[in-house]
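Have a look at the structure below, then the notes.
Note that this is a predicted model, so its numbers are computed, not measured. Convention: sequence-line order gives letters A, B, ...; per-chain numbering from 1.
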Amino acid sequence: MQGFRHSAALLSLTAAVLLITGLSLAVFWAPEDADQGISQKIFYVHVPVALTSYAAFFWAAWKALRLLWKGGSRYDLESYTAVHMGVIFGALTLVTGSIWAKVSWGHWWVWSERQLTLFLILFLFYSAYFMLRYSTDPGPRRERTSAVYAIFGVVLIPVSFLAIRLAEGLIHPVVFKRDGPDMEGSMFLTFCVCLAAMLALAGSLYLLELSGKRADASLRELRERLA
Amino acid sequence: MTGYVADVAALARKDLLVELRTRDTVPAMLLFVVAALVVFHFALPAESARFAASGMLWIALLFTALLALVRAFVGERDHGTLDGLILAPCDRSAIWLGKTLSVLAFLLFAEAVALPAFALFYEDVTWELVAGVALANIGIATVGTLLGAMAAAARARELLLPLLFLPLAIPLVVGGVGATVSDDPGRYLAFLALYDLIFAVLAWASFEYVVTE
Amino acid sequence: MTGYVADVAALARKDLLVELRTRDTVPAMLLFVVAALVVFHFALPAESARFAASGMLWIALLFTALLALVRAFVGERDHGTLDGLILAPCDRSAIWLGKTLSVLAFLLFAEAVALPAFALFYEDVTWELVAGVALANIGIATVGTLLGAMAAAARARELLLPLLFLPLAIPLVVGGVGATVSDDPGRYLAFLALYDLIFAVLAWASFEYVVTE
Amino acid sequence: MRIISARGLGRRFGGRPVLSGVDLDLDQGGFLLVTGPNGSGKTTLLRLLAGLLAPTSGSLEVVADRNRVGFLGHESLLYGELTALENLDLYGRLYRVPERRERTGMLLERFGLWEARNERAATYSKGMLQRLALCRTLLHDPELLLMDEPFSALDAEGVDLLHAELADHGPRTVVVASHQPERIAGLATERVALG
Amino acid sequence: MRIISARGLGRRFGGRPVLSGVDLDLDQGGFLLVTGPNGSGKTTLLRLLAGLLAPTSGSLEVVADRNRVGFLGHESLLYGELTALENLDLYGRLYRVPERRERTGMLLERFGLWEARNERAATYSKGMLQRLALCRTLLHDPELLLMDEPFSALDAEGVDLLHAELADHGPRTVVVASHQPERIAGLATERVALG
Ligand code: HEM
Ligand SMILES: Nc1ncnc2c1ncn2[C@@H]1O[C@H](COP(=O)(O)OP(=O)(O)OP(=O)(O)O)[C@@H](O)[C@H]1O
Ligand SMILES: Nc1ncnc2c1ncn2[C@@H]1O[C@H](COP(=O)(O)OP(=O)(O)OP(=O)(O)O)[C@@H](O)[C@H]1O
Ligand SMILES: [Mg+2]
Ligand SMILES: [Mg+2]
């Protein structure tokens, strides 16, 4: 437990450092984007956040798999916390993305963006995950159900992505083309630092929430021992 | 193997028998489909694209299916019969498959009414549409049954199931609509088949975990 | 009289309590509506969406209504609680009114979420639409509750009740959609109001005979 | 004063006669024990007396207005999604029970459910549910008490509690259907054996 | 041969411990009587043994494959909309009972339900339903029998029938939870008192 706390503190420290460097790099060092101008800077927050939430969802599924494999409530707790992180960062993606959309296209929301729609679907899906948890009595049954649902989530990601691909051009043509990863070195470096920062941030938040939840659990058990 | 098939058959048969007695599900589905078609008839302007029409049809089918799924496990809760099935020596996935098949049967029944009605009100039914519906049915039934079993363990099931189901159903709608309106339906039908395959396997493999502790 | 009101209040309160027992009914509603809208988006192209929009709205509302009715009486069948209410000294029509009000509350609640979202994603909500929805709600709740009670009183099973609901519900849908799309909604709204009046009185008067022997 | 009087009472379900030619007379304060093998019609008889079923033949007269009748059936008539308190509160309102809260608390106390008062009835054990159903039945202090196998699922303590409740019924008229007549040996003043 | 062995077995529902530290050993042919007041965890224990619930603490080992276990719970586990025959037929298929028809008929005969074999279970009286549930439990001639208050709702004849069934259980291992230990006085070889 002590070592656990320790690593959590360490990670959050790294997160802070990385975050500061990454953002300052983005603001002061990385060159301004040719066609999008200053608004492109949000890219350094937006995309790392998005990718981080993906990572969280996959982590949740991995833990869920372990639960079904081995059993044991600790995996349930971890999987749940990971989903929680994923949803938090997903919301951040939606917000930053919407802001970006507003500044660069003038709309808060555009259906024609793959990522957007995909994210909306995932967001709905994982919100339902919370519904499922809250309306089921805690216990082994709930742990397993949540685990299965979390695994469905990561399968849904590629499937929905494919679906949206197909839907495009059918529903309406892609209006905006944007050049993705092919950016110049300094941009890319900055991006990588920001990504690392976001991952570290998510990781430390994950560990903090987890330790909090575990503390509650052990406290409850203690109370019952005494009672 | 033959034993597995026999189990599935026995379980599906049971559901159909129960429905035959109670007539709980199918009439509700019929009501909904027909009502939906009537709504379209009024809502859609005469010159509306076939695109819109078929889109409407798909929405109607999706929600009709949801009605069936919501009720699929209500009966099982009555006298703890789901426990009875779980205790039985049959493979748990057989329970899932049996349910899936019975849900599929209800869907086919509703569609046997819906599609002709659709042809009557709007435009004739193409083979692509039929193929798309057939494939989508499988996806709906497989995923829906699993989620239904999940929701059965929760409070407010009737409300929860649609929430769990809709996000997973979006790809089906995309594929189905695409198959009906696009120029080369092949891609969409293939996509639907893929979806069915993936989620059928997934649901088949994971059902045991959601019904047992 | 005040006693009657108190009974109705107690009964409606009970249903809402059960409803809200899972505290997340509100977010659930929100999620459901948004999910439905996303589905609609994928089912329909942007341009035809504008025509079809109100139609889709009505489908969604009808579906929600059916869900509400399923919920309303599945619960009562569970431990013979309907008997408990019938044995209670309160006037039987109070049971019907309480149920109707709670169903109505559920619907209004769903619409309070759905209509703004609808306005946001599609066209703005006209007063005709609101009026039509409001009137349709009443009809659905009154008739649906009566039929639901029949179904719950097991002996009425043979009557194929949900099917009864079909001819009764279609006029509502027609009226509602008509009110939203036609040029002079007045006629449709008047029709809806008339429908509500007739069936409310009918259901109110006949409920006692439906639930007792 | 005559509370229940039945003449040639009969009930058929879908053509099949379940009860026929039952004659009954029960005065105020009387205690009727109904016995009979499984499927002999005890529950049917009690549901007839409660007015949940209508006779298909013969005549039945029960002199008691609805808000003074307490019925305990095979089913609890309770809402699984509501807590014990909420369930009793609902029935308390419908029966216009004076000092609802006090009486509810008192009953829950007596039947040993006070600790679990805020648990959903669905999570109750069978015996706890039976106890709660008893609270529901006695909540409005009925003059006419109709009980169908009231002892089922109760533990020894529960049996004693109920026995005590039935023993000092005073002016209250009681009808009990049971497979274990010995449990209310001394109490019954009348007996009907069906089937 | 050891059929059931539990060490420090415990189960909690939503944090609340319902069972804790239960130690059990039952050999083949043994007869375990589980007693305890309402809400003490008898049903929970039997559901744990049947595998319907998972322990939240301790270890539990039950040596019996699923198709040789018979479980009788508070609920009938029967489909109300199916007739007695259809219900038993379904379970007979699932359990691969040899000569399904004969055995079904024999059991219905023995428990006095043959006349009502084509009635929907929903129309059964409580005791008839309990008898039918007994048929369901015994249908596949289980080696391990788990029964939760098997005598409830049964009339005198039904009690004797069940008692006879339990008396000559031979190599069969039996676990019974009941509030009326006297009813299986002679039979029990072991006892567990919960709560
Ligand atoms: C609500 C609005 C938005 C959401 C939910 C959203 C979501 C996402 C997500 C999930 C990713 C991860 C991409 C991946 O995994 O490859 C992403 C990447 C990206 N987004 Fe957004 N986005 C939004 C708005 C925008 C806007 C308005 C822009 C630009 C004008 C934008 C530009 C990008 C870029 C350049 C990437 C890099 C990865 C790629 O090119 O695919 N996004 N977005
Ligand atoms: N699903 C559940 N959720 C929460 N609590 C539960 C659940 N099931 C049982 N309990 C609680 O566990 C305790 C034991 O229940 P159980 O049914 O095992 O008791 P029991 O010994 O069978 O009682 P009875 O003699 O009345 O049948 C009770 O307090 C009950 O409230
Ligand atoms: N709704 C119904 N439809 C058809 N038959 C019914 C119905 N209700 C009861 N019966 C039949 O009536 C007979 C008597 O049922 P009842 O429940 O009154 O018996 P009981 O004396 O209460 O039996 P038990 O001791 O098992 O409770 C049974 O044969 C039953 O099958
Ligand atoms: Mg009875
Ligand atoms: Mg029990």
Report yes if some heavy atom in the side chain of B:L202 is under 4.5 Å from a heavy atom in the side chain of A:V148; otherwise report no.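 The answer is no, as the side chains (C-beta and beyond) never meet within the 4.5 Å cut-off.
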Under 4.5 Å from a heavy atom of chain A, the part of B:I170 involved: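 Just its side chain gets close to chain A.
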Measure the spacing between OH of A:Y149 and CG of B:L146 and express it to the nearest 0.5 Å.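 A:Y149 atom OH to B:L146 atom CG measures 10.5 Å (nearest 0.5 Å).
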Gap separating the CG atom of B:L147 from the CZ atom of A:F152, nearest 0.5 angstrom: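 If we round to the nearest 0.5 Å, B:L147:CG and A:F152:CZ are 6.5 Å apart.
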Checking heavy atoms, do the side chain of A:F123, its backbone, both or neither come under 4.5 Å from chain B?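 Looking at A:F123, nothing touches chain B.
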Could you walk me through whether A:R144 and B:T212 satisfy the side chain to side chain donor-acceptor pair (under 3.5 Å) test, starting with their C-alpha distance in whole Å, then the side-chain angles of each, then the deciding distance to 0.1 Å, before giving a yes or no? CA-CA 9 Å; A:R144 289 167 146 232; B:T212 62; 2.9 Å; yes
Can you name the closest pair of heavy atoms from B:L160 and A:S135 and give their distance?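 In terms of heavy atoms, the two residues are closest at CD2-OG, 3.6 Å.
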Could you tell me which non-hydrogen atom of B:P171 sits nearest to which non-hydrogen atom of A:L156, and how far apart they are?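 Minimum heavy-atom separation between B:P171 and A:L156: CG-CD1, 4.3 Å.
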Of the listed residues (A:L124, A:T136, A:I151, A:L122), which shares the most heavy-atom pairs with chain B below a 4.5 Å separation?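 Of the options given, most contacts go to A:T136.
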Name the residue from A:L67, A:T145, A:L68 that meets the side-chain contact (heavy atoms from CB on, under 4.5 Å) definition with B:Y209.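 Among A:L67, A:T145, A:L68, the one that satisfies the side-chain contact (heavy atoms from CB on, under 4.5 Å) with B:Y209 is A:L68.
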Any side-chain to backbone donor/acceptor pair from A:R141 onto B:A153? Under 3.5 Å, distance only.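 Absent.
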Between A:V159 and B:L168, does a side chain to side chain contact (heavy atoms under 4.5 Å, CB included) hold up when you go through it step by step? CA-CA 9 Å; A:V159 171; B:L168 281 161; over 6 Å; no
